[in-house]
A.B. asks: 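Take this structure, written in structure tokens, and hold onto it; I'll ask about it next.
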Amino acid sequence: AARRHYTARPAEAETILRELMSQGKPFKHEPMQDSTIPTFHFQPSLLRLPIPELSSTCDKYIAAVTPLVSAEQLQTTKALVNDFAANQGTKLHEELKEMDKANSHTSYISAWWFEEYLANRQPLPINMSPYLVF
């Protein structure tokens with residue numbers, strides 16, 4: 001059977017998937033590679049994730065750490081975060097923005113996400129989250 005080429009907006013995706021699923025077996029043994037709809041078919045219609053501002057990320061980190069550490073550790077952490085934001089953090093943030101501009105066809109985090117989590121077929125909790133293994 002010949003494959004149909006689908007061009008759809010996200011609103012039409014559910015209808016297309018239901019149609020394909022009603023035709024039989026849309027997924028074979030490797031969903032990332034073998035499917036009726038190619039893996040990245042809807043990629044151009046997805047919204048891109050914005051890169052958060054460095055200051056916002058640092059503030060969220062401090063807020064997350066605050067209930068977990070002592071007052072002394074919090075002061076040390078704040079000093080380290082401020083140093084990071086003023087020095088290497090600024091450079092890394094600019095590099096991230098440049099990488100995002102160079103990959104306007106996708107999100108800045110997609111390549112890493114696919115490489116780290118979706119390409120690896122081993123059990124994720126054991127192989128990707130070492131803190132879960134005691």
Side-chain angles (χ1 to χ4, degrees):
R3 284 192 172 197
R4 287 173 52 189
H5 179 71
Y6 294 95
T7 54
R9 296 279 177 228
E12 301 167 330
E14 183 177 352
T15 303
I16 291 169
L17 289 172
R18 285 183 191 279
E19 175 189 335
L20 291 170
M21 299 219 23
S22 70
Q23 295 173 4
K25 302 173 186 170
F27 300 111
K28 297 174 187 161
H29 66 284
E30 289 288 337
M32 285 294 291
Q33 287 79 25
D34 301 327
S35 68
T36 302
I37 298 176
T39 301
F40 299 108
H41 179 76
F42 294 107
Q43 191 74 18
S45 63
L46 298 176
L47 297 175
R48 296 183 74 224
L49 291 173
I51 296 178
E53 291 300 320
L54 180 60
S55 60
S56 172
T57 301
C58 291
D59 291 345
K60 288 178 183 178
Y61 177 73
I62 294 296
V65 167
T66 299
L68 305 174
V69 297
S70 67
E72 182 181 324
Q73 291 170 322
L74 181 60
Q75 292 308 317
T76 302
T77 301
K78 284 181 178 181
L80 291 170
V81 167
N82 289 336
D83 179 62
F84 174 79
N87 296 302
Q88 64 267 52
T90 303
K91 180 182 179 217
L92 291 171
H93 194 260
E94 289 305 314
E95 287 179 21
L96 181 60
K97 287 196 228 175
E98 290 301 317
M99 185 175 72
D100 187 50
K101 284 181 191 174
N103 294 290
S104 61
H105 62 286
T106 188
S107 171
Y108 70 95
I109 201 167
S110 291
W112 177 84
W113 185 260
F114 285 124
E115 183 181 313
E116 290 296 317
Y117 287 98
L118 300 181
N120 188 343
R121 304 314 295 166
Q122 297 177 336
L124 289 178
I126 293 172
N127 294 289
M128 296 298 169
S129 301
Y131 295 106
L132 293 178
V133 181
F134 297 98

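Side-chain atoms are counted along with the backbone in the values below, which use heavy atoms only and exclude waters and symmetry mates.
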A.B. asks: Can Phe84 be reached from Ile62 by stepping across I, L, V, M, F, W or Y side chains whose heavy atoms are under 4.5 Å apart?
C.D. replies: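 No, no single cluster joins them.
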A.B. asks: Looking at Leu80, I'd like to know if its CG atom is crowded, meaning that more than 12 non-hydrogen atoms belonging to other residues, nucleotides or ligands lie closer than 6.0 Å.
C.D. replies: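 Buried by this count: over 12 neighbours within 6.0 Å.
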A.B. asks: Does the side chain of Ile51 reach to within under 4.5 Å of the side chain of His93, using non-hydrogen atoms?
C.D. replies: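 Contact flag for Ile51/His93 side chains = yes.
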A.B. asks: Supply the atom-to-atom distance Glu95 CD to Gln88 CD, rounded to the nearest 0.5 angstrom.
C.D. replies: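 Glu95 atom CD to Gln88 atom CD measures 11.5 Å (nearest 0.5 Å).
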A.B. asks: Once rounded to the nearest 0.5 Å, what's the spacing between atom CG of Asp59 and atom CD of Glu53?
C.D. replies: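 These two atoms lie 11.5 Å from each other.
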A.B. asks: Between Asn82 and Lys78 (side chain of the first, backbone of the second, donor and acceptor by atom type, cut-off under 3.5 Å), is there such a pair?
C.D. replies: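 Indeed, once roles are kept as given, a pair shorter than 3.5 Å links the two residues.
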A.B. asks: Hey, what do you get for CG (Leu54) to OG1 (Thr90), rounding to the nearest 0.5 Å?
C.D. replies: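 OG1 of Thr90 is found 6.0 Å from CG of Leu54.
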A.B. asks: Does a side-chain heavy-atom distance below 4.5 Å link Met99 with Leu96?
C.D. replies: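 Yes, side chains in contact.
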A.B. asks: Does Lys97 pair with Glu94 as a salt bridge, N-O distance under 4.0 Å?
C.D. replies: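 Yes, charged N to carboxylate O under 4.0 Å.
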